[in-house]
**Student:** 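The structure is given below, and queries will be raised subsequently.
To find a chain, count down the sequence lines: A is the first, B the second, and so on, and within it residues start at 1.
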Number of protein chains: 2
Amino acid sequence: MKRYFLLLLLFSSLALADDQAATASMLRDKALDSTKGWDIVESLTTEVGPRLAGTDADKRAVRWARALLEQSRDAGAFDKVWLEPVSFPIWQRHREQARVVSPYPQPLTITALGYSGSTDGEISAEVIAFPNLASLQAADEKLVAGKIVFINQPMFRDREGAGYAEVVPNRYAAGSVAKEKGAVAALIRSAGTDSHRFPHSGASTREDDPLPAAALSAPDAEQLQRILDRGETLTVALDINVSEQPGGESYNVIAQIDGRVDAKKVVLIAAHLDSWDLGTGAIDDGAGVAITVAAAQLIGELPQRPKHSVRMVLFANEEQGIWGAKAYAEQHKDELKNHLFASESDFGAGPVWRFDSANEALMNKAMPHLAALSIEKGGEASSAGPDITPLLEAGVPIFQLQQDGIDYFDYHHTADDTLDKIDAKDLQQNIAAWAVVTFLAAEDLGSE
Amino acid sequence: MKRYFLLLLLFSSLALADDQAATASMLRDKALDSTKGWDIVESLTTEVGPRLAGTDADKRAVRWARALLEQSRDAGAFDKVWLEPVSFPIWQRHREQARVVSPYPQPLTITALGYSGSTDGEISAEVIAFPNLASLQAADEKLVAGKIVFINQPMFRDREGAGYAEVVPNRYAAGSVAKEKGAVAALIRSAGTDSHRFPHSGASTREDDPLPAAALSAPDAEQLQRILDRGETLTVALDINVSEQPGGESYNVIAQIDGRVDAKKVVLIAAHLDSWDLGTGAIDDGAGVAITVAAAQLIGELPQRPKHSVRMVLFANEEQGIWGAKAYAEQHKDELKNHLFASESDFGAGPVWRFDSANEALMNKAMPHLAALSIEKGGEASSAGPDITPLLEAGVPIFQLQQDGIDYFDYHHTADDTLDKIDAKDLQQNIAAWAVVTFLAAEDLGSE
């Protein structure tokens, strides 16, 4: 009797594993054949366009997302859709102009960094250049005081975007360090890998009474360097008008597929809904919105709910300091123990090439399906998107579908982040990978 | 005695041919090893930068060119350097902004076309789209009146820039045809091959009381098309402020190597000194300035002057309608019979891949040297650069060193036309080809 029972358990477990595998394969194939993702990012970038957190455009984005998800809910793909408020200051750019005053008068292309201050009319000052932040930090105040600081550090290109970590501290801290040393403004070479006339925006560290701080396009940074290399005294004029006002509000837009066995246990997949104001936020992060929404929809269209819940979160105001993600982690802190996994798609629209997870059962179940998508088996995931950081710090397990970001930092935070930079086939590959992994993560991961 | 004389003539002729060939080879090798060209375009784009005809920057460009050529003259490479005045109206842009008003409010990236009119504050109107100029020309006035015309014709990419001829009529005539039909403004998809957020400027046909006319970047044109494809009524607001004033003056800057046998007979090689105002005029036409000046310098540094003169002309105001070239043709009309050849380098910095000339003797003498530069033998030259058109029409023989322009229209007339787009090795290859052909054209082309 006991032996018979065990045999039955073994068979049903094998059958379950077979079912899971068949469903995962089917999800993958449906994703590779679906225009869901493209339709979503096409709609968001066209009908909303740029959506800086706290602006009217951001409000339109929230309405757009809510309508999309509620429509899916009404069609049966989600069980509930809701909004959670997020508060933050509204930072906006109004004017940003720069020019070489002497020795060779000519315009420069700049963009103010998020949380930059204003110049209050045009200011002009001598430029002092540094190869990196450390050399500015080490500089004698007497040399820096009254000048415009210029950090000219190129970013190297690689698939994982490793160069970004080297140069992004310039963006965060150039203004504050320059201010400490008595400078009147800070310029950085854009944190980007392109050689086009696009400055890359992005947040700097928010502080009281910030210095005006802006990014130059790479060709403009090289132009200034050529002038300085001649031993010339370089004077630049800046006219930066930005504003910060309190009372910004937006929403984390959330849709959930309730688990059939334990709905309180959730697999959280995410993207962020806001974008910088210069482009239409196609690769950052319209692609992520499309990938995670489409993957969740495909799972929600299965004849049966997965064992645990799939929660799809479109975070508010990632760009200016993961405001939505912090609000979520705070608001849900008592439920985080029920978050089985969390992961965000926020690295553009390039194909996934590696799957990282410390969970061997998930890895083993997913890899046969992912291998067919040319995705390699990785190791433990070290991060899973900026908005997942607060969850990771609170102990939520993560997985990562690492995308090829070889050209991500060509477009990131520029006016050139537009729909034409997305390859529809790559988007499908992403959705296939997310659908497979999310489904399996939400299913039973018991021993095989 | 007679037979002996003929034999002597034959030997000296062969020796001369041998000398010519050796000199041509030496010129080629020197050019491939020289930084002259790079130094020139680096200096022009850095120390002058954008140089719109008639502006202070254009005056600085003329001073820069004169100083460069006079220094070469003082070093013995040229025999004389002079300026010839050119008059034209000064057209300038002051403000150019556009946005979608409805149904999906968002900013657009535009640039006013040369000789565009102003909007006199912000105007807004419904957009009516056409696939090309012919369809606008055929359109019913009642449909067009009061609207903003939008011509959305993509340009195809090819090595010879053949796609440009298809779309550039849109730039020239969209404003005037739209005006005839009662439109309030004209927008065109940029005459360019890139998919970046750079609108391409360029001249439109100058007329009295012109309509405001501007180019959209390709991604912006596609964005408008996507909105229109939804069947939506699209309203766009434009704020274009430009000015035209009389009394513009600039100069054709000319340097000459006097021929050792007949200085009145000249081989004219050219580039244009002015640029549009958005970029630093690196590929258009800093590269041509560098190529032709460096080639002429190399010839001027030979121990012996060529038989006929080499005249190097840097034309004024090519961009707004070959004003300098027309002035030259008029001023020198009585000497054009002494112009043996004329050619301009004004197609970027890509390598030369084909040599065209109707002159078989020049072709036969040049090809052995050009073949080593991976340059093919072509046929009769049909054009030799925009500034040569008036000379061609007056019967001056031309040759053409056809460059690979596969990416020329990615950058042409945009803010992205900067020094980093030039490959120093390709520049050397151009200079080598120009030095060889110009030298041989100025030498005796008698039977070999």
**Student:** Using a 4.5 Å heavy-atom cutoff, which residues in residues 54-66 of chain A come close to chain B?
**Tutor:** A:R60

**Student:** Under 4.5 Å, counting heavy-atom pairs only, tell me which of A:R230, A:E222, A:R51 racks up the most with chain B.
**Tutor:** A:R230

**Student:** So which part of A:L278 gets closer than 4.5 Å to some heavy atom of chain B, the side chain, the backbone, both or neither?
**Tutor:** backbone

**Student:** I need the contact set between residues 93-107 of chain B and chain A: heavy-atom distance under 4.5 Å, sorted by residue number.
**Tutor:** B:Y104, B:P105, B:Q106, B:P107

**Student:** Hey, which of B:P219, B:S217, B:G49 has the most heavy atom pairs under 4.5 Å with chain A?
**Tutor:** B:P219

**Student:** How about B:E122: does its CD atom have over 12 heavy atoms from other parts shown lying under 6.0 Å from it?
**Tutor:** yes

**Student:** Write out, in numerical order, the residues from residues 40-48 of chain A with a heavy atom short of 4.5 Å from a heavy atom in chain B.
**Tutor:** A:E42, A:S43, A:T45, A:T46, A:E47, A:V48

**Student:** Looking at A:E126, I want to see if its CD is surrounded by more than 12 non-hydrogen atoms of other residues, nucleotides or ligands under 6.0 Å.
**Tutor:** yes

**Student:** Applying a heavy-atom distance below 4.5 Å, give me the residues of residues 188-203 of chain A that approach chain B, sorted by number.
**Tutor:** A:S195, A:H196, A:R197, A:F198

